[in-house]
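Because the structure is a prediction, the values reported are computed rather than measured.
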Amino acid sequence: HECPMCARGEKIDALVNKEVDILDYTSDVETKQGEGRFVVKVNDNGKAVKFFTNCRKIKDALKQIPKDKFPVSTTIRIISEDNRRFYKFT
């Protein structure tokens, strides 16, 4: 059987402005950048890839989706607020 989060790693910037299907995510992952990261597994044009994020807007959006509602189609966008760059789902 396939590991639920097994996928090739990708930088979130490579997925910006592309429609992807969010397949699953794991919360509260510790990386060398710190604690509380999410690992998000997406289908990018037929390929399963994953990215790590600590973006509050992405994490909050994922937490609002019931696990039985995946996969979810979305486009990842970059927004700017107060001279800071954030990611969000459309």
Side-chain angles (χ1 to χ4, degrees):
H1 67 278
E2 183 180 329
C3 160
M5 293 307 291
C6 290
R8 181 176 55 88
E10 187 68 80
K11 294 200 179 284
I12 192 171
D13 286 334
L15 302 171
V16 169
N17 296 325
K18 294 171 85 175
E19 186 169 323
V20 297
D21 295 323
I22 302 171
L23 304 174
D24 198 5
Y25 73 93
T26 301
S27 59
D28 298 320
V29 175
E30 184 174 349
T31 70
K32 57 186 168 187
Q33 283 77 31
E35 299 175 350
R37 275 36 180 183
F38 278 30
V39 182
V40 184
K41 184 177 179 181
V42 301
N43 180 343
D44 175 25
N45 201 23
K47 292 183 289 188
V49 297
K50 66 183 175 186
F51 63 88
F52 291 85
T53 187
N54 197 37
C55 177
R56 181 180 41 82
K57 292 181 184 297
I58 295 279
K59 291 166 43 171
D60 288 347
L62 288 168
K63 287 190 265 186
Q64 293 180 29
I65 304 168
K67 285 284 195 171
D68 65 348
K69 298 297 183 194
F70 288 95
V72 174
S73 293
T74 191
T75 302
I76 300 170
R77 302 272 190 219
I78 295 176
I79 56 171
S80 295
E81 290 179 5
D82 302 323
N83 295 322
R84 295 182 61 197
R85 188 174 95 148
F86 300 94
Y87 299 95
K88 74 170 192 168
F89 296 136
T90 59

Verdict with reasoning, Ser27 to Lys59, per side chain to side chain contact (heavy atoms under 4.5 Å, CB included): CA-CA 8 Å; Ser27 59; Lys59 291 166 43 171; over 6 Å; no

Can you give me the closest heavy-atom contact between Arg85 and Ile78, atom names plus distance? CG-CG2, 3.2 Å

Quick one: are Asn54 and Gln33 in side-chain contact, heavy atoms under 4.5 Å? no

Would you give the length of the straight line joining atom CZ of Arg37 to atom NZ of Lys32, rounded to the nearest 0.5 angstrom? 12.0 Å

Cation-pi check, Lys50 to Tyr25: give yes when NZ or CZ is under 6.0 Å from the six-membered ring centre and within 45° of the ring axis, no otherwise. no

Joint hydrophobic cluster, Phe51 plus Val72, side-chain heavy atoms closer than 4.5 Å: yes

When rounded to the nearest 0.5 Å, the distance separating NZ of Lys11 from OG1 of Thr53 is 12.0 Å

If you count heavy atoms of other groups shown closer than 6.0 angstrom to CG of Asn17, is the number above 12? yes

Would you say the side chain of Val20 lies within less than 4.5 Å of the side chain of Val49, judging by non-hydrogen atoms? no

Tell me whether Lys67 at atom NZ has more than 12 heavy atoms from other residues, nucleotides or ligands lying less than 6.0 Å away. yes

Determine whether Glu35 and Asp28 make a side-chain contact, defined as any pair of heavy atoms from C-beta on separated by less than 4.5 Å. no

Which atom of Cys55 lies closest to which atom of Tyr87, heavy atoms considered: SG-O, 3.3 Å

Rounded at 0.5 Å granularity, tell me how far CG in Asp24 sits from CD1 in Ile65. 11.0 Å

Is Asp68 atom CG crowded by more than 12 heavy atoms from other residues, nucleotides or ligands, each under 6.0 Å away? yes

Any side-chain heavy atom of Lys57 within less than 4.5 Å of one from Ile79? yes

Are the side chain of Thr90 and the backbone N or O of Thr74 linked by a donor-acceptor pair below 3.5 Å? no

Measure the spacing between CD of Glu81 and CG of Asn83 and express it to the nearest 0.5 Å. 11.0 Å

Within the structure provided, determine whether Leu23 and Phe70 are in side-chain contact (heavy-atom separation under 4.5 Å). no

Pairwise side-chain contact, Phe38 with Ile58, heavy-atom cut-off 4.5 Å (strictly under): no

Taking the side chain as every heavy atom from C-beta outward, state whether Phe89 and Ile22 have any pair of such atoms under 4.5 Å apart. yes

